[in-house]
Amino acid sequence: MDGTDDDDDVSRLSAHTLAALQEFYAEQQQRDSLKSGQGFDKFAVGAVEEDWQLSQFWYSDETALCLAKEALEASGQNGRIACVSAPSIYQKLKGLAGEDASVCLLEYDRRFSVYGDDFVFYDYSRPLDLPERLRQHSFDIVLADPPYLSEECLHKTAETIRYLTKGKILLCTGAVMDALVTQLLGLKMCQFIPKHTRSLANEFRCYTNYETGLDSTS
């Protein structure tokens, strides 16, 4: 068979249908790459522009890598890590962890659904509206970065954190939230100061409830 009939069929497809097919195959290729452990550079957070309307501010590569290493160390062998509203750290974690840890990204921005089953749509205003597979107290560490510096956002994100974690928490937020962080989650400020790719008016700090290498990292 020389394929002439197939070519005729394709030529009769509308431009809109062809575009839809191309998009479908491109998305399928993306998902196949992610499932095989490849393609993370292509879909690095840096390739996704910050959406300030969603209060998105990416961490610098150095900060994201440092926090990813800390979460991986704290989770232990074959640990389970939840990244809540922290896609830039998630991306570094996936590059480091390989098959040694399970990493889940809870994120409002559906652009990150390219990460396949690792992605869970998350709206902080509904803190316990989570899929059944995210069982209570099933993560060795929860790493969170509440999207807004508000009492409401921190209160509700804290509900999610307490539900998911077995105990360990690593939280990044503005230093202005210090007292509330201690009140809600009993966390202590680390010496490490996180940096963003863009300068922010508010100083950010890291908080944990366990002994961490971040206290020896400036």
Side-chain angles (χ1 to χ4, degrees), residues 34-41 43-45 58-108 112 114-122 124 127-128 130-147 154 157-173 181-182 184-195 204-218:
L34 290 169
K35 287 178 180 178
S36 66
Q38 302 172 351
F40 280 97
D41 287 340
F43 301 110
V45 167
W58 302 153
Y59 286 108
S60 68
D61 282 345
E62 294 79 8
T63 290
L65 185 60
C66 182
L67 295 176
K69 287 180 177 178
E70 171 59 33
L72 194 59
E73 177 70 21
S75 69
Q77 187 175 9
N78 299 319
R80 198 162 184 235
I81 304 169
C83 285
V84 180
S85 306
S88 57
I89 301 171
Y90 164 85
Q91 197 273 334
K92 295 295 184 184
L93 268 167
K94 289 299 292 187
L96 291 171
E99 300 297 324
D100 296 331
S102 171
V103 187
C104 181
L105 173 64
L106 286 76
E107 172 58 47
Y108 186 82
F112 295 103
V114 295
Y115 289 118
D117 292 340
D118 284 357
F119 173 81
V120 174
F121 175 75
Y122 172 70
Y124 83 84
L128 300 181
L130 304 170
E132 291 184 2
R133 63 190 175 92
L134 300 189
R135 298 186 307 278
Q136 187 174 16
H137 306 319
S138 60
F139 288 88
D140 296 287
I141 184 170
V142 175
L143 191 160
D145 181 358
L154 185 55
T157 303
E159 284 188 60
T160 305
I161 293 170
R162 287 193 295 265
Y163 178 84
L164 292 175
T165 188
K166 292 180 180 179
K168 291 181 180 180
I169 300 168
L170 172 54
L171 179 78
C172 297
T173 190
V181 168
T182 301
L184 292 176
L185 295 166
L187 309 183
K188 294 182 179 180
M189 183 185 291
C190 302
Q191 293 180 20
F192 178 75
I193 300 177
K195 305 293 184 183
F204 267 63
R205 300 303 297 261
C206 295
Y207 299 84
T208 66
N209 62 347
Y210 63 93
E211 294 296 323
T212 170
L214 295 176
D215 279 328
S216 60
T217 307
S218 59

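When a residue number appears, it is its place in the shown sequence, counting from 1. All of these numbers come straight from a predicted model, not from anything done at the bench. Keep in mind that the numbers below use all heavy atoms, side chains included, and drop hydrogens, waters and symmetry copies.
The aromatic rings of Tyr90 and Tyr115 stand perpendicular to each other, their planes meeting at an angle above 60°, with 30° marking the opposite boundary. Ring-plane geometry between Tyr163 and His137 is classed as tilted, the angle between the planes lying from 30 to 60 degrees on a 0 to 90 degree scale.
With rounding to the nearest 0.5 angstrom, the SG atom of Cys104 is 12.5 Å from the CG atom of Leu143. The CD1 atom of Ile81 lies 10.0 Å from the CZ atom of Phe139; values are rounded to the nearest 0.5 Å. Here the CG-CD distance, from Leu105 to Gln91, works out to 11.0 Å after rounding to the nearest 0.5 Å. The distance from atom CG of Leu171 to atom CZ of Arg205, rounded to the nearest 0.5 Å, is 13.0 Å.
Between Asp117 and Arg133, no side-chain nitrogen of the basic residue sits less than 4.0 Å from a carboxylate oxygen of the acidic one, so the salt-bridge criterion is not met. Note on Lys168 versus Asp140: no salt bridge recorded, every NZ/NE/NH1/NH2 to OD/OE distance being 4.0 Å or above.
Here the side chain of Ser75 pairs a donor or acceptor atom with the backbone of Leu72 at under 3.5 angstrom.
Remark: of the listed residues Phe119, Phe112, Tyr122, Tyr122 is the sole one forming a side chain to side chain contact (heavy atoms under 4.5 Å, CB included) with Leu106.
The shortest side-chain heavy-atom distance between Val120 and Pro131 falls under the 4.5 Å cut-off. By the 4.5 Å heavy-atom criterion applied to side chains, Thr182 and Leu187 are not counted as neighbours. Residues Thr165 and Ile141 fail the side-chain proximity criterion, which asks for heavy atoms closer than 4.5 Å.
At most 12 non-hydrogen atoms from other residues, nucleotides or ligands lie less than 6.0 angstrom from CD of Glu73.
Under the 6.0 Å cut-off for aromatic ring centres, Tyr108 and Phe121 qualify, their centroids lying closer than that.
Applying the side chain to side chain donor-acceptor pair (under 3.5 Å) rule to Lys188 yields no partners; only residues at least two apart in sequence or on another chain are considered.
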